[in-house]
A.B. asks: 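Mind looking over this structure? Questions follow.
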Amino acid sequence: MSHLFTVAIIFTATSLLAQQTALVHYVQPLAGTAPSTTAAALKHGNGTELNANTIPAVGLPFGMTQWTPQTQSSENKCVPPYFYKDNMFSGFRGTHWLSGSCTQDYGSFTIMPVTGHLKIDIAAYATPFSHQQEITAPHYYRVTLPAYQLTTEITATLRAGMMQVTANKTDSLYLLITPNSDQGQGFIKVDTKRGEIYGYNPAHRIYQGWGEPAGFSGYFVIKVEKSINTSGTFAGAHVSLLDSISNQKNLGAYLGFKINKGEKLRIRIGTSFSSIAGARQNLKAEIPGWGFESLVAKNKQVWQKALSQIQVATTVEKDKRIFYTAFYHAMQHPRLFNDVDGTYPRFAGNYQSEKIIGANYYDDFSMWDIYRAQLPLYELLNPKLINDCVQSMILKGQQGGWLPIFPCWNSYTAAMVGDHGTAFIASAYTKGIRNYNVNEAYRLMRQNAFNSANAKDYKDGKGRRALNSYLKYGYIPMEDSVPEAFHKKEQVSRTLEYAYDDYALAIVAKGLNKTADYDALIKRSLNYRNVFDPEVGMVRGRYENKNWYQPFNPSTKEPYITEGTPQQYTFYVPQDVAGLSGLMGGKAKLEQSLDHLFDSHEYWHGNEPGHQIPFMYNYTGAPWKTQLRVKAILVDEYSDGPGGLSGNDDAGQMSAWYVFASLGFYPVDPVSNNYILTAPLFDHIVINLPKGKAFTIATHKQSAKSSYIAAVKWNGKPYTKNYLTYTTINTGGLLEIFMNDKPAKTWATQSTDQPASLTHNN
C-alpha cells in the first residue's frame, strides 16, 4: 500500500469533514417519489411495490405533521399526496402520510392559494407546475405557480407550519382550506374577528376494523396576518356565506384578500391530534411570530444538527447526496403524537385524552419494517427517543389491553406478520435502554406470546394471528388460512417471524430470571426448523400431518410466503444463522445457497425480510462476499434521482439499510447487539454519539477502487472479528479498515471471528 496515498486519503477526509457546514443541501426530498428503475424492483416488484411512496416532506425529525405539495387529493390507500409524474399542483397538505408506505393518509387538510375569481372545484383550481419551478429541502419548499402569478413557500416545526404567498401581480387572492375527508366528514369554521380558521378531519382505521372511527381527528388552527376581505364556506359546488360547515362531501372554507404586486401573505398553522385548543396551543408555542425567513433559518439549523450526527467524507458527491437523503428519510417516523403540554389521544380510544409527563408519545410504527434497521439506528444515535418509543408501546398495551403488532393511526391494525413490537422492546432492553416499567413491558410481550385474545378482541386486531396453531404444531399449517388478518395465509413467513420474536422475548426472560419462560421460548425460537424441508434445502408450506405443500416453486411468490418467494424467505433466521447453515449441510452449503440467490438474480432488496441476507456471508468461509454483495446493492439499488429507491421505503427502513450498510456495519439480529462488518462506502466517517462520544471509521485503501477488507484495527490494535458490538460502538473510538482491490479470502473466516448464533449459545 502506498503510504502517500493513505496519508492523502486521511488528509482529504479530514478536510472534507471540516467543510461540511451545509449537509441539508445534500438531501433530495424528491427521491422516491417516482417508480423505481432498479433491475430487482422491475423483476420482483409489481404495482404499488414499485413505488418508494415517499413525499417531499417539510417538517422536523419525527414531527407530528409533515407538509407536502399536493398533486393527489384523496386519502386513499397506496396514493401518496405527491407523485413526481404529476404536473398539477392543488395545494400544501398538512399530512400524516406514513412515509414510503402503501397505506393511507389520515386527519389531513390542504391549503391552496388562487388568484382571480373564486374557484372551489379542484378540477378548476388545480394548476400546472414544473419541477424546474420547485425548490425542495427538509425544512423548506417553494414553488412558482405561473397561472396564478404566485410564489408559494412553506416551512415547518414539529407541530406547526408557516406559509408565505408572494403575489407577482396585483389581484384578488383566495385561500381555500379543505379537510381531506373521503367519507364526507369533518368541520371547518372561519372567525374573521380573530383572523382564524379552525377545523378537523376525523381519522379512520385501516386493516382490522377498516373504516371504523379511529377515536381521534386531525385538528388544525390557521392564523392569517392580513385582514380578511371576504370569507365563506362551501361543499361540492355550493358556496355559502355561512362561517362554518360540517359533515358534507368536499367541504371547505375560503378567505378572500386584495393583494398588490410584490406583497406577501403569511399564514401560521397549528396541528394536533387532541383538540382545536391543542392545535392553537401548539402554534403559539412553536411559531409565535410572523418572521418567515428567520423560521426557515431556525428549522434549517435543526436539520443541520440532526444530519451532522453522522458525518461522511468522500470525493463522490453523488454518494453523499444518497446518504443524507436516506438519513432524512430515516427521520420521518415514528410520529410525535402529543401536544406541547403532553396531551395525546388515548390509544384505541374514543376521543379520550391522556397526558404524558417528561417524555413524548409516538405512533405510526411500521413495525414489520423498522425494527430491523431504522429503530436500531436510533438505539445508537438517540436512546432517549427509543426509550420514549418503548414507553409509548407500553402505554398502548395498557390502554388497549394488548401490545399492538403494528400500531398505526393510534389503533390496532394486526398488519403484516410477526410480533415485532416484542423484537423492538427486546432490542432496546439488551442495550440497557430501560427507563420504563420493564416488568410491565414483559407482561405485555408475554401475553402476546402465550395467550390468544377472545374472539371479539382478536377480530379487533389484538394478539398474534394464528397463535393457537403455532403453539399446537410448532408451525402454522396450511389448513390455517389466518382469516382474521389483512395478510391472510403466509403461514411459513409467520412461523419464521414468530420464532425470531420468541427468541427476542427469551432473551428478556433470561435477563429477568424467568427461567421457565426462557426455556419454553428458546425452544420455540427453533421452530423455523419445522418449515425447513431438507429435501429442497428451503422453507416450504406444511400441512397438519407434516406433509409438504405441493408443488414446490422456489422462485415464485407462494401463498405461504409474505411478499416474496420461498428461496428469499429461507434466509430469515437472524437468531440462528449457524443453525440454518447446519440444516443446509454446513457453511459451504449456506454460501452456495447465498451464491445461487444472488447469481440467479433472485435477491430482492425491495422486500425487508431479505435485508439481512447479503451480510450472512460473514457466517460462512467467505466474508469477502458480504463486501461484494453489499457494495453491489449500494450501487445498483439506490440512486439520487426520483426513482432512486428499489421498493416501498416503509417508514425509513429501506433508507436506514443504506445508512448502516454504507457506514460498514449492519444489525442482522438487533437483539444480539452485534453488527456485521462490511466495507464502508466512505473514506472517513464520524458518528457523534450521545454524551459527547464519537465513533470514527477511517479507511486505508490500496487504491481508489479498493472495496475488500484486508485487516481491521480498533484503537490501534489488530481486530480480527467480522462484527462489532453495541458496547464497542457506543463507547466510541477509532476503527481503521484496511482495504485492498482484490478479496482477502482468509480475513475473519474462523468460527471464533464470527458472531455467535442461537445454537452456539445452547
A.B. asks: Please give me the minimum heavy-atom distance between N674 and P755, naming the atom from each residue.
C.D. replies: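 The answer is ND2-CB, 4.0 Å.
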A.B. asks: State, to 0.1 Å, how close A373 and Q653 come at their nearest heavy-atom pair, and which atoms those are.
C.D. replies: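 What the structure gives for the nearest pair is N-OE1, 3.0 Å.
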A.B. asks: Answer with yes or no after comparing the ring centroid distance for Y207 and F486 against a 6.0 Å cut-off, counting only values under it.
C.D. replies: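 Yes, close enough.
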A.B. asks: Among H329, M654, Q332, which residue satisfies the side-chain contact (heavy atoms from CB on, under 4.5 Å) criterion with T54?
C.D. replies: H329
A.B. asks: For D182, what residues pass the side chain to side chain donor-acceptor pair (under 3.5 Å) criterion, not counting sequence neighbours?
C.D. replies: none
A.B. asks: Who passes salt bridge (Lys or Arg N to Asp or Glu O under 4.0 Å) against D105, sequence neighbours left out?
C.D. replies: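 Salt bridge (Lys or Arg N to Asp or Glu O under 4.0 Å) check on D105 returns R93.
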A.B. asks: As a test of understanding, state which of V573, D669, D576 forms a side-chain contact (heavy atoms from CB on, under 4.5 Å) with S757.
C.D. replies: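 When V573, D669, D576 are each tested with S757, the side-chain contact (heavy atoms from CB on, under 4.5 Å) holds only for D576.
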A.B. asks: For the residue pair R529 and F532, would you count it as a cation-pi contact if the rule is NZ or CZ under 6.0 angstrom from the ring centre and within 45 degrees of the ring axis?
C.D. replies: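 No, cation not above the ring by the 6.0 Å, 45° rule.
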A.B. asks: Could you go step by step and tell me if D480 and Y470 meet the side chain to side chain donor-acceptor pair (under 3.5 Å) rule?
C.D. replies: CA-CA 10 Å; D480 188 344; Y470 176 76; over 6 Å; no
A.B. asks: How long is the span from the CG atom in D502 to the CG atom in D419, to the nearest 0.5 Å?
C.D. replies: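 Taking CG in D502 and CG in D419, the distance rounds to 8.5 Å.
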A.B. asks: Rounded to the nearest 0.5 Å, how far does CG of D363 lie from OG of S392?
C.D. replies: 8.0 Å
A.B. asks: Which of parallel (below 30°), tilted (30 to 60°) and perpendicular (above 60°) describes Y560 and Y549?
C.D. replies: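 Aromatic pair Y560/Y549 classed perpendicular.
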A.B. asks: I'd like to know whether the aromatic ring centres of Y528 and Y500 sit less than 6.0 Å apart in this structure.
C.D. replies: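 That pair fails the under 6.0 Å test.
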A.B. asks: Going by the rule salt bridge (Lys or Arg N to Asp or Glu O under 4.0 Å), which residues pair with K625 if we only count those two or more places apart in sequence or in a different chain?
C.D. replies: E591, D595
A.B. asks: Could you tell me if R464 sits above the aromatic ring of Y498, with its cationic atom closer than 6.0 Å to the ring centre and no more than 45 degrees from the axis?
C.D. replies: yes
A.B. asks: Is the NZ or CZ atom of R629 both under 6.0 Å from the centre of the six-membered ring of F615 and within 45° of that ring's axis?
C.D. replies: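 Because its charged atom misses either the 6.0 Å distance or the 45° angle limit, R629 does not stack over F615.
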A.B. asks: If you measure only the distance, is there a donor-acceptor pair under 3.5 Å linking the side chains of T413 and Q208?
C.D. replies: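 There is no such pair between these side chains.
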A.B. asks: Considering residues at least two apart in sequence or located in another chain, which fulfil the side chain to side chain contact (heavy atoms under 4.5 Å, CB included) criterion with L471?
C.D. replies: L467, R524
A.B. asks: Taking Y475's backbone N and O only, do any of them form a donor-acceptor pair with T495's side chain (distance below 3.5 Å, no angle check)?
C.D. replies: no
A.B. asks: Could you please spell out the steps behind the side chain to side chain donor-acceptor pair (under 3.5 Å) verdict for Q72 and D86?
C.D. replies: CA-CA 8 Å; Q72 297 285 329; D86 295 338; 2.9 Å; yes
A.B. asks: Test H131 against Y84 for ring-ring contact (aromatic ring centres under 6.0 Å, His included), laying out the working first.
C.D. replies: CA-CA 8 Å; H131 299 302; Y84 187 83; 3.8 Å; yes
A.B. asks: Walk me through it: do W368 and E497 pass the test side chain to side chain donor-acceptor pair (under 3.5 Å)?
C.D. replies: CA-CA 10 Å; W368 186 70; E497 302 211 23; 3.0 Å; yes
A.B. asks: Considering residues at least two apart in sequence or located in another chain, which fulfil the ring-ring contact (aromatic ring centres under 6.0 Å, His included) criterion with F665?
C.D. replies: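 Listed in chain order: F660, Y675.
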A.B. asks: Looking at the rings of F62 and Y378, which for Trp means the six-membered one, are their centres under 6.0 Å apart?
C.D. replies: yes
A.B. asks: Taking the six-membered ring of W409, is NZ or CZ of R205 closer than 6.0 Å to its centre and within 45° of its axis?
C.D. replies: no
A.B. asks: State which residues pass side chain to side chain donor-acceptor pair (under 3.5 Å) with H605; sequence neighbours excluded, sorted by chain then number.
C.D. replies: Y603, Y638
A.B. asks: Which heavy atom in K557 sits nearest to a heavy atom in T565, and how many Å separate them?
C.D. replies: N-CG2, 3.9 Å
A.B. asks: How far does CD of E484 sit from NZ of K462, to the nearest 0.5 angstrom?
C.D. replies: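 Between atom CD of E484 and atom NZ of K462 there are 14.0 Å.
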A.B. asks: Tell me whether K523 at atom NZ has more than 12 heavy atoms from other residues, nucleotides or ligands lying less than 6.0 Å away.
C.D. replies: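 Check fails, neighbour count at 12 or below.
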A.B. asks: So, taking the atom named CD in Q575 and the one named OH in Y503, what distance separates them when rounded to the nearest 0.5 Å?
C.D. replies: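 The distance works out to 7.5 Å.
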A.B. asks: Rounded to the nearest 0.5 Å, how far does OG1 of T570 lie from CD1 of I561?
C.D. replies: 7.0 Å
A.B. asks: side-chain contact (heavy atoms from CB on, under 4.5 Å) with F571: which of V577, V539, L590?
C.D. replies: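 Answer to the side-chain contact (heavy atoms from CB on, under 4.5 Å) test with F571 among V577, V539, L590: L590.
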A.B. asks: From T422 OG1 over to L505 CG, what is the distance, rounded to the nearest 0.5 angstrom?
C.D. replies: 6.0 Å
A.B. asks: Mind listing the closest non-hydrogen atom pair of A504 and A426 along with its distance?
C.D. replies: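 Residues A504 and A426, closest heavy atoms: O-CB, 3.4 Å.
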